[in-house]
**Q** 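One structure coming up, written as structure tokens, with questions to follow.
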Amino acid sequence: MTTVEAVRGMRDLMPPEQERKLVIQAKCLALLAQNGYAPLDLPLLEYRDLYLRKLGEELVGKVYEFTFEGRNLALRPEWTASVLRAYVAQLQDQPLPLRLSYCGPVFRYERPQRSTYRQFTQLGVELIGGPAPRADAEVISLACAGLEAMGVKDYSLTVGHLGLMRQIIAQAGLTERTRGLLVRSLERMRTQKVRMGDLLQAQMQMDPSELPFEPDLLRGLDDAQATTMLLRLAQEIGVNLSYGTRSPEAIVDRLLRKLRATDQTVALTKAAELLTELSQIQGLPREALPQVTTLLQDLGVETPALREFEALLDLLTAHGVSEERIVVDFGLARGLHYYTGMIFEIYDSHAMQLCGGGRYDDLITALGGRKATPAVGFAYGLERVLAAGAGEEETAGRSKEVAVAAVTEADYPYAVEVAKWLRGEGFRVTCDVRGRNVAGNIRDAVKRDIPYLVVIGEAEVANRTLVWRNLATREEQSLGFHDVVALATVSKLQSETALKDNH
RNA sequence: GUGCCCGUAGCUCAAUCGGUAGAGCGCCUGACUGUGGAUCAGGAGGUCGUGGGUUCAAUCCCCAUCGGGCACCCCA
């Protein structure tokens, strides 16, 4: 027999772990519900178009996509786009703010590693119509509270602010595309210690001799005129732009940016230098904030985003998020391109990312919403939360497990009746189906770490009693039904510790 | 997407410098039909991840592929 393996990056969740996952999932959703977040569920299959514009090149390349019956489809790589799509389609008549929660699988074609799978579960929220800074603080503190509810004790929170960066870039008078490039390069700047200006020069500049014609031709034309001209030109020369993943318009647009890059070089370099400085700032709020303030003052840059950020940090304290576990990081960028304001990530004690989120005030309009609506949200990677040790203390169920053994075939019906009654009393009960003798049942129950065995024989059937055996202490007593519940409750803690000592 | 490491029974691992494989644990059965969580005996389970190449001969050497892991990149 040849076996069929699981598809790469996919993972089987076996009983002990799956139970933990369900438990933490329930706990977290319950906490979110207490905070007014209503659960919704959405299809994991979407039109590919939903992800094309705003997701970011990095993540778009990781989307599972295919055509089926002439439709271009995709497995969702994240929830936010779907939730907002559904909001635009169904919930725009609801009073704002709207607090929504979700939980379900997403797919990303990435190289698998420990706790990194191609299918994983995102559990998260969207707060639609909630402006900064209050909604930001609510959502961040909720992300922390959720982790604690799931049993993750050690974690750290990193907070950045893309809006701040965007405002600075905007003041440099750059095109939207160049701004995007700057934002995307933020994190790389910091980690690789490259001057942002150097990188951009390399990327944006083109040797004029390699150009097919004089860039000066485009001067005085606006973008639309220039694009039309370039498209016509391509046609004249006989260049076919219709293959590959990009549309002819996109290709021309890109070319246009390159041709005009020199116009922007000066402004670009200035903005890049400032951003490089900013992205280096990282540390506890009380250390990082003064640095940012001085830097911006020195350069005479005015930005409301900084005051908003300060307000956010104050509110986090009000929500009970310990300042000691907050790292302010202006180099934090995140791969999703729709963020417009605060962004944050949460890591466990081994620096594994458990959670990510941020503010995306433009996304609802981008997806066709009737009017601009601020929104903020986050999502956990549930398998990672699980790997961080969540739910490990949820072994309470074990102490309520009981195995029931019938001595002979004739005793089995009564054994089934006893099992049913015990279940009604809240025990987790199995009844032997293999017809093992009592010794075999004892052996089996011990191997499974089941704390109690009930033996049903001729005498028990006759007296309508049961034999209650504590497998940890090997004590055994004949009991009527009414004795059992009280006994089990009292002996629960003792037997648990006894079992642990035995192992 | 880049660079590495790994793949023998359900699990943990041996062995064969190229001659088609073993142990422990686990599982099943029996000794043993109301109490050996023990002990003993027996049994099942492998086309050595898969496919191709080299060879008289491949689990071993080569290539590809699939799966696992690590460091980047990125994210949850």
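All values derive from a computational prediction rather than experimental measurement. Order of the sequence lines fixes the chain letters, A, B, ..., with proteins taken first and strands second; residue numbering starts at 1 for each chain.
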**Q** Does a distance-only test, which skips hydrogens and angles, find a donor-acceptor pair under 3.5 Å between the side chain of Glu110(A) and the base of A76(B)?
**A**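 Per atom types, the contact qualifies.
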**Q** Using 0.5 Å steps for rounding, measure from the CE atom of Met150(A) to the CG atom of Leu29(A).
**A**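 Output value for this atom pair is 9.0 Å.
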**Q** Please pick, from G69(B), G37(B), U29(B), the nucleotide with the shortest atom-to-atom distance to any side-chain atom of Val446(A).
**A**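 Closest of the options to the side chain of Val446(A): G37(B).
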**Q** Do Glu19(A) and Arg428(A) sit within salt-bridge range, that is, some charged N less than 4.0 Å from a carboxylate O?
**A**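 Counted as a salt bridge, because a side-chain N and a carboxylate O are separated by less than 4.0 Å.
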**Q** Just wondering, do Leu316(A) and Asp136(A) contact through their side chains at under 4.5 Å, heavy atoms?
**A**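 No, their side chains stay 4.5 Å or more apart.
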**Q** Report the nucleotide, chosen from G34(B), C28(B), G37(B), that has the shortest atom-to-atom distance to any side-chain atom of Ala459(A).
**A**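 Of G34(B), C28(B), G37(B), G34(B) is nearest to the side chain of Ala459(A).
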**Q** Regarding Arg448(A), tell me which of base, sugar-phosphate or nothing describes its non-hydrogen contacts under 4.0 Å with the strands shown.
**A**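 Arg448(A): no heavy atom of the nucleic acid under 4.0 Å.
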**Q** For G1(B), take OP1 and OP2 only and decide whether either is under 4.0 Å from a side-chain N or O of Lys62(A).
**A**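 No.
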**Q** Side chain of Glu5(A) only, please: which of C66(B), G37(B), G34(B) is the nearest?
**A**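 Closest of the options to the side chain of Glu5(A): C66(B).
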**Q** By nearest heavy atom, map Tyr109(A) and Val455(A) onto RNA chain B; which one lands nearer the 5' end?
**A**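 On the 5' side of the pair lies Tyr109(A).
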**Q** Between Arg448(A) and Glu401(A), does any side-chain N to carboxylate O distance fall below 4.0 Å?
**A**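 Answer for the salt bridge query: no.
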**Q** For the side chain of Arg111(A), starting at C-beta, report the closest nucleotide among U35(B), G69(B), G37(B).
**A**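 So the nucleotide nearest the side chain must be G69(B).
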**Q** Within the structure shown, what part of the strands sits under 4.0 Å from Arg114(A) by heavy-atom distance: base, sugar-phosphate, or nothing?
**A**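 Counting heavy atoms under 4.0 Å across all strands, the contact made by Arg114(A) is with sugar-phosphate only.
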**Q** Using a cut-off of 4.0 Å on non-hydrogen atoms, how would the nucleic acid contact of Glu460(A) be classed: base, sugar-phosphate, or nothing?
**A**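 Result for Glu460(A) = base.
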**Q** Which residue is it: Val404(A), Val461(A), Val433(A)? I am looking for the one with a side-chain contact (heavy atoms from CB on, under 4.5 Å) to Tyr412(A).
**A**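 Testing each of Val404(A), Val461(A), Val433(A) against Tyr412(A), the sole residue satisfying side-chain contact (heavy atoms from CB on, under 4.5 Å) is Val433(A).
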**Q** Inspect the contact between Lys62(A) and Glu78(A) and indicate whether a charged nitrogen and a carboxylate oxygen are less than 4.0 angstrom apart.
**A**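 Between Lys62(A) and Glu78(A) there is no salt bridge, as every charged N stays at least 4.0 Å from the carboxylate O atoms.
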**Q** Heavy atoms under 4.0 Å, any strand shown: does Ala445(A) hit a base, just sugar-phosphate, or nothing?
**A**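 No contact.
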**Q** With a 4.0 Å cut-off on heavy atoms, is Gly457(A) in touch with a base, just the backbone sugar-phosphate, or nothing at all?
**A**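 It contacts base atoms.
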**Q** Within the modelled atom types, does a donor on one side and an acceptor on the other bring the side chain of Glu476(A) and the base of U35(B) under 3.5 Å apart?
**A**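 Such a pair is found, so the answer is yes.
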**Q** Has the side chain of Gln113(A) got a donor or acceptor that lies under 3.5 Å from a partner of the other kind on the base of G68(B)?
**A**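 Between G68(B) and Gln113(A), which were checked side chain against base, a qualifying N/O pair under 3.5 Å is absent.
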**Q** Side chain of Arg434(A) only, heavy atoms from C-beta on: which candidate in G68(B), G37(B), C28(B) is closest?
**A**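 Of G68(B), G37(B), C28(B), C28(B) is nearest to the side chain of Arg434(A).
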**Q** Go nucleotide by nucleotide along RNA chain B from the 5' end; which of Val467(A) and Arg474(A) gets its closest nucleotide reached first?
**A**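 By nearest-heavy-atom nucleotide position, the 5'-most residue is Val467(A).
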**Q** Could you summarise the pairing of RNA chain B as dot-bracket text, marking Watson-Crick and G-U pairs under 3.5 Å with ( ) or [ ] inside the strand and | across strands?
**A** (((((((..((((.....[..)))).(((((.......))))).....(((((..]....))))))))))))....
**Q** Of the listed nucleotides (G34(B), A76(B), G37(B)), which one gets closest to any side-chain atom of Thr408(A)?
**A**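 Per side-chain heavy atoms of Thr408(A), the pick is G34(B).
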**Q** Scan Gln122(A) against the nucleic acid and name what it touches under 4.0 Å (heavy atoms): base, sugar-phosphate only, or nothing.
**A**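 Result for Gln122(A) = sugar-phosphate.
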**Q** Base, sugar-phosphate alone, or nothing: which one does Arg11(A) contact when heavy atoms must sit under 4.0 Å apart?
**A**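 No contact at all - Arg11(A) keeps every heavy atom at 4.0 Å or more from the nucleic acid.
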**Q** Does the pair Glu383(A)/Lys21(A) count as a salt bridge with the N-to-O cut at 4.0 Å?
**A**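 Salt bridge between Glu383(A) and Lys21(A), a charged N being under 4.0 Å from a carboxylate O: yes.
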**Q** When you compare U20(B) with U59(B), how far apart are their C1' atoms, in angstrom units rounded to a whole number?
**A**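 Going atom to atom, C1' in each nucleotide, I get 8 Å.
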**Q** So Ser115(A), base contact, sugar-phosphate only, or nothing? Heavy-atom distance under 4.0 Å.
**A**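 Answer is base: heavy atoms of Ser115(A) come under 4.0 Å of a base.
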**Q** On a whole-Å scale, what distance lies between the C1' atoms belonging to C25(B) and A14(B)?
**A**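 After rounding to an integer number of Å, I get 14 Å for this pair.
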**Q** What's the spacing between Leu40(A) CG and Trp79(A) CH2 if we round to 0.5 Å?
**A**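 Going from the CG atom of Leu40(A) to the CH2 atom of Trp79(A) covers 6.5 Å.
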**Q** Tell me the interatomic distance from Asn470(A), atom CG, to G37(B), atom P, rounded to whole angstroms.
**A**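 Distance check: Asn470(A) CG to G37(B) P gives 15 Å.
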**Q** Less than 5.5 Å between centroids and less than 30° between ring planes, does Phe120(A) satisfy that with A76(B)?
**A**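 Per 5.5 Å and 30° rule: yes, stacked.
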**Q** Please examine the side chains of Arg76(A) and Tyr51(A), heavy atoms only from C-beta on, and report whether any two atoms are closer than 4.5 Å.
**A**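 Yes, at least one pair of side-chain atoms sits under 4.5 Å.
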**Q** Kindly point out which of G69(B), G37(B), G34(B) is positioned nearest to the side chain of Glu458(A)?
**A**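 Nucleotide nearest to Glu458(A)'s side chain: G34(B).
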